[in-house]
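Have a look at the structure below before the remarks.
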Amino acid sequence: MTMQPWQEQLQAWLTIYQSYTAKGHVATYIPALAHANPQALGISLYLPDHRLIEAGDTTTLFTMQSVSKVVNFMAACETRGLAKVLENVDVEPTGDSFDSMIRLEIHKPGKPFNPMINAGAITVAALLPGDHEQQKIDHFLTMMERCIGRKPRINPEVYASEMKTAHRNRAIAHYLKGSGYLDAEVEDALNVYVKECAVEVTTRDLAKIGLILAHDGCHPITGERIVTKKTAQVTNSLMLTCGMYNASGKTAAFIGIPAKSGVSGGILASVGRRSPHTSNPFPDGCGIGVYGPAIDEYGNSVAGIALLQQLSEAWDMSIFSS
């Protein structure tokens, strides 16, 4: 199958939705993120036969931010087991902002609602193997390397900027520690989480992770099982129901692709295998990585969301497609 028609179509869509970047703004509450080019936009689709379809800024490095929560969850489940992780964090949507504490306080005994909000991600980061912060972050980086084929770099400027402004996350971590859900010291857990957010990736890297999730936790290129099938299924479900901040419901309803966003403008998406009788041109599934740092009021890439919706509708990628 030649990729040329799909490549040309993807480039045409990117050209159309490039103008949507003007509707958003780069994140500034983390000062180091304010340097991003608001007009940048890129998308990569990674197929199980190692082929790439992509357009725009696909080699630009950006930090994972909340997209790291997906790998954080996968890494903890891979070593501690899904059941153990779910003892400390639930799988329910909240409808609240990603850094909200309200659910911890009004729902006893204060268990985080899901791993895709900050409270849940800090809890999961504390569960990573190791007695010290460095051991835990090394395990996260090893999981990243298994997924994308290289060991990524932690951006020191972004890490320092986030730690300097991490007052709410530090408060969340202290609350979790006081409630008995944090399996590490507060500063260790916070440092691991913030370093995960500061890991640098490209759209190609995110597309590779998405492809693994699309294939039930098995890397279709190397044949290596990265996580169990059940962990991959739960991860995809969490992305669909909780992955796009306060717009998760709308994204599930109108796009129907499991996805996780971050305030740096990244989106990781997983398109599972489909019936060959659908109009989806990639019935064996694919991973999608998007970068568009101009975000909306919820923290999602404005142009990136528009691109994903276009792909879902035109290429029949929704999980609700027959």
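One-based numbering along the sequence shown.
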Distance-only, no hydrogens or angles: does the [X] side chain make a donor-acceptor pair with backbone N or O of [Y] under 3.5 Å?
X: Lys230; Y: Leu82; value: no
X: Thr123; Y: Ala119; value: yes
X: Ser318; Y: Phe320; value: yes
X: Thr231; Y: Val227; value: no
X: Thr241; Y: Ser237; value: yes
X: Glu196; Y: Lys69; value: no

Got a list of side-chain donor-acceptor pairs under 3.5 Å for residues 250-263, not counting sequence neighbours?
residue: Thr251; atom: OG1; partner: Ala247; partner atom: O; Å: 2.8
residue: Lys260; atom: NZ; partner: Gly243; partner atom: O; Å: 3.1
residue: Ser261; atom: OG; partner: Asn300; partner atom: OD1; Å: 2.5

Looking just at side-chain N and O atoms, do [X] and [Y] make a donor-acceptor pair shorter than 3.5 Å?
X: Asn236; Y: Ser270; result: yes
X: Glu92; Y: Asn114; result: no
X: Asn118; Y: Asn169; result: yes

Counting heavy atoms not belonging to [X], are there more than 12 under 6.0 Å from its [atom1]?
X: Glu224; atom1: CD; answer: yes
X: Glu187; atom1: CD; answer: yes
X: Tyr159; atom1: OH; answer: yes

Given Gln134 and Asp138, is the side chain to side chain donor-acceptor pair (under 3.5 Å) satisfied, shown in steps? CA-CA 6 Å; Gln134 190 58 51; Asp138 282 346; 2.8 Å; yes
Quick one: pull up CD1 in Ile43 and CD in Gln11 and give me the separation to the nearest 0.5 Å.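 These two atoms lie 11.0 Å from each other.
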Parallel, tilted or perpendicular for Phe282 and Trp315, by the 30°/60° rule?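 Ring orientation, 0 to 90° scale: perpendicular.
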Electrostatic pair [X]-[Y], nearest N-O below 4.0 angstrom:
X: Lys195; Y: Glu133; result: yes
X: Lys151; Y: Glu145; result: no
X: Asp183; Y: Arg80; result: yes
X: Arg150; Y: Asp205; result: yes
X: Lys111; Y: Glu87; result: no

So, using ring-ring contact (aromatic ring centres under 6.0 Å, His included) as the criterion, who are the partners of His35 when residues are at least two apart?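 Partners of His35 under the ring-ring contact (aromatic ring centres under 6.0 Å, His included) test: none.
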Within a strict 4.5 Å, meaning less than it, do heavy atoms of the Val199 and Ser68 side chains meet?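 They are not in side-chain contact.
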For the residue pair Glu78 and Arg146, establish whether any side-chain heavy-atom pair is separated by less than 4.5 Å.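 Side chain of Glu78 against side chain of Arg146, heavy atoms only: contact under 4.5 Å found.
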Grab the two heavy atoms, one from Pro38 and one from Pro293, that are nearest each other, plus how far apart they are.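 That would be CA-CG, 4.4 Å.
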How close do Met74 and Leu213 get, counting heavy atoms only, and between which atoms?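 In terms of heavy atoms, the two residues are closest at SD-CD2, 4.1 Å.
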For the pair Thr60 and Thr202, evaluate side chain to side chain contact (heavy atoms under 4.5 Å, CB included) and give the outcome as yes or no after the intermediate values. CA-CA 6 Å; Thr60 299; Thr202 66; over 6 Å; no
Checking Glu162 against Gln65 for the side chain to side chain donor-acceptor pair (under 3.5 Å) test, could you report, in this order, the C-alpha distance in whole Å, the side-chain angles of both residues, the deciding distance, and whether it holds? CA-CA 10 Å; Glu162 291 198 53; Gln65 297 306 319; 2.7 Å; yes
